[in-house]
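Each remark here refers to the structure printed beneath this line.
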Amino acid sequence: MSGIVLHQYAESPFSEKVRSILGYKGVSYQSVEIPMIMPRPDTIPLTGGYRKTPVMQIGADVYCDTAIICRVIDEIYPENTIYPEEHLGMINTVAHWTDTFLFKVSVAIAFQPKAAATNPLFQDESAMSAFMADRAEFSKGSSELLGMPFETAEPHFIGHLNQLDQQLSVGGPFLFGDKPSIADFSTYHNVWFIYTQEALRDYFSPFEHLVAWYEKMVSFGHGNV
Ligand SMILES: N[C@@H](CCC(=O)N[C@@H](CS)C(=O)NCC(=O)O)C(=O)O
């Protein structure tokens, strides 16, 4: 057992990013399922007020934000590093852009009306209003978190899927060559967020290389929980 405790919830894309890295590295760890919305009376005292998901705890050390969580996991398990020195600048740039801009795009795609009709989260009206109220409170006062209109997001999303597919068709099996890097895991959680919703799977039909890559990423699993 690694001593790692991951505080997360099943539906969280950023948690999936970390679960997938733990799977790739074959790590044994403990998982704490936290509520999808506030209040989180057990987690907030641990983080000192930080409310994003996931959070990683190792003994008395608490790591907030997957940018640091993934680095720490890679330092503890350096075999098959996901931060290879060659291309590191590009890999970090792609991962950052993907976790920020592309994630905003993915949120708009994931919560479009077509998806909301079949998403289990939105089948219960009171659960849906509680979720919406929670996320409105979360983004209050932050221009960074303001939602992107679906009409703006969709061409960005399809255009990027196309770029990924082309890249993978000539340079795969992973985005920067033979082994997955942090750029793959950042991309993976965005794709997972959409692909796992049946109503949205058609987006991927034209992109066979991307789907083959996604299946490889899924096959890493989530480690030993
Ligand atoms: N930069 C953060 C982003 C994390 C993030 O936005 N997580 C989403 C869930 S996937 C979140 O915190 N949503 C609000 C919440 O869970 O309270 C990271 O890389 O960890």
Side-chain angles (χ1 to χ4, degrees), residues 6-20 31-41 43-44 50-55 65-66 95-165 184-208 210-211 213-215 217-218 222:
L6 187 67
H7 298 255
Q8 51 108 41
Y9 53 85
E11 298 84 352
S12 152
F14 280 95
S15 300
E16 179 66 9
K17 175 184 169 189
V18 177
R19 294 188 294 249
S20 173
S31 171
V32 175
E33 190 79 11
I34 66 171
M36 201 189 293
I37 60 174
M38 298 291 261
R40 294 181 184 137
T43 321
I44 296 298
Y50 178 84
R51 71 150 285 181
K52 288 190 185 176
T53 311
V55 168
D65 201 295
T66 61
H96 178 68
W97 178 88
T98 303
D99 281 345
T100 51
F101 183 80
L102 192 73
F103 185 63
K104 244 168 128 168
V105 168
S106 301
V107 168
I109 300 294
F111 292 121
Q112 65 180 282
K114 183 166 93 176
T118 53
N119 187 330
L121 174 66
F122 295 121
Q123 301 320 301
D124 171 341
E125 211 162 295
S126 69
M128 177 172 108
S129 354
F131 180 81
M132 296 313 239
D134 177 81
R135 291 315 195 252
E137 181 64 27
F138 175 48
S139 52
K140 205 164 69 183
S142 163
S143 56
E144 183 208 334
L145 291 169
L146 284 182
M148 183 182 289
F150 173 69
E151 296 69 26
T152 309
E154 193 175 45
H156 277 298
F157 187 66
I158 295 172
H160 191 59
L161 295 187
N162 195 23
Q163 304 253 36
L164 290 169
D165 193 69
D184 291 276
F185 291 100
S186 288
T187 304
Y188 164 68
H189 78 84
N190 281 276
V191 172
W192 172 89
F193 195 20
I194 315 296
Y195 194 93
T196 46
Q197 299 195 51
E198 288 270 0
L200 302 180
R201 197 156 298 162
D202 280 356
Y203 279 116
F204 300 92
S205 310
F207 305 121
E208 57 170 312
L210 180 62
V211 171
W213 165 89
Y214 175 76
E215 282 164 3
M217 297 298 292
V218 170
H222 291 157

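Keep in mind the model is a prediction, meaning the values are calculated, not measured.
- One finds the CZ atom of Phe103 at 13.5 Å from the CH2 atom of Trp97 (value rounded to the nearest 0.5 Å).
- Salt-bridge check for Asp202 with Lys114: failed, with every basic side-chain N at 4.0 Å or more from each acidic carboxylate O.
- Between the Ser129 side chain and the Glu125 main chain, a donor and an acceptor come within less than 3.5 Å of each other.
- Remark: side-chain polar atoms of Arg51 are not paired, donor with acceptor, to backbone N or O of Ile44 under 3.5 angstrom.
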Go through the steps for Tyr214 and Phe204 under the test ring-ring contact (aromatic ring centres under 6.0 Å, His included), then give the verdict. CA-CA 10 Å; Tyr214 175 76; Phe204 300 92; 7.1 Å; no
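- Distance CG/Asn162 to CG/Leu210: 10.0 Å, rounded to 0.5 Å.
- Across all non-hydrogen atoms, the minimal contact from Asp165 to Pro206 is OD2-O, 4.4 Å.
- The two residues Met217 and Ser20 have their closest heavy-atom pair at O-OG, 4.2 Å.
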In a table with atom names and distances, give each donor-acceptor pair under 3.5 Å that connects a side chain of residues 148-159 to protein atoms at least two apart or in another chain.
unit_1	atom_1	unit_2	atom_2	d
Glu154	OE2	Tyr203	OH	2.6

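- Here the straight-line distance linking atom OG of Ser205 with atom CZ of Phe207 works out to 9.0 Å at 0.5 Å rounding.
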Just do the side chain to side chain contact (heavy atoms under 4.5 Å, CB included) check on Val211 and Tyr195 with the steps written out, would you? CA-CA 9 Å; Val211 171; Tyr195 194 93; 4.0 Å; yes
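- When ring centroids are compared, Phe122 and Phe111 come within the 6.0 Å threshold.
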Any chance you could lay out the side chain to side chain contact (heavy atoms under 4.5 Å, CB included) test for Phe185 and Thr66, step after step, and finish with the verdict? CA-CA 11 Å; Phe185 291 100; Thr66 61; over 6 Å; no
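- Smallest separation of non-hydrogen atoms from Tyr9 and Pro35: CD2-O, 3.9 Å.
- Residues His7 and Glu33 bring no donor and acceptor atom of their side chains to less than 3.5 Å of each other.
- Note: Ile109 CD1 to Leu200 CG = 8.0 Å, rounded to the nearest 0.5 Å.
- Expressed to the nearest 0.5 Å, how far CH2 of Trp192 lies from CD of Glu16 amounts to 4.5 Å.
- With Asn190 contributing its side chain and Ser106 its backbone, the two residues share no donor-acceptor pair below 3.5 Å.
- Scanning all heavy atoms of the two residues, the minimum distance from Ala130 to Ile37 falls at CB-CD1, 3.8 Å.
- Across Ala117 and Gln123, no two heavy atoms sit closer than the pair O-NE2, 3.2 Å.
- With hydrogens and angles left out, the side-chain atoms of Asp99 and His189 include a donor and acceptor closer than 3.5 Å.
- In this structure, the separation between CZ on Phe193 and CZ on Phe14 is 9.5 Å, given to the nearest 0.5 Å.
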Show your reasoning for whether side chain to side chain donor-acceptor pair (under 3.5 Å) applies to Asp184 and Trp213. CA-CA 9 Å; Asp184 291 276; Trp213 165 89; 2.8 Å; yes
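- Closest approach of Arg135 and Met36 over heavy atoms only: NH1-O, 2.9 Å.
- Side-chain contact of Gln197 with Thr118: a donor-acceptor pair under 3.5 Å is absent, judged by distance alone.
- When side chains are defined from C-beta on, Val18 does not count as touching Gln8, because their heavy atoms never get closer than 4.5 Å.
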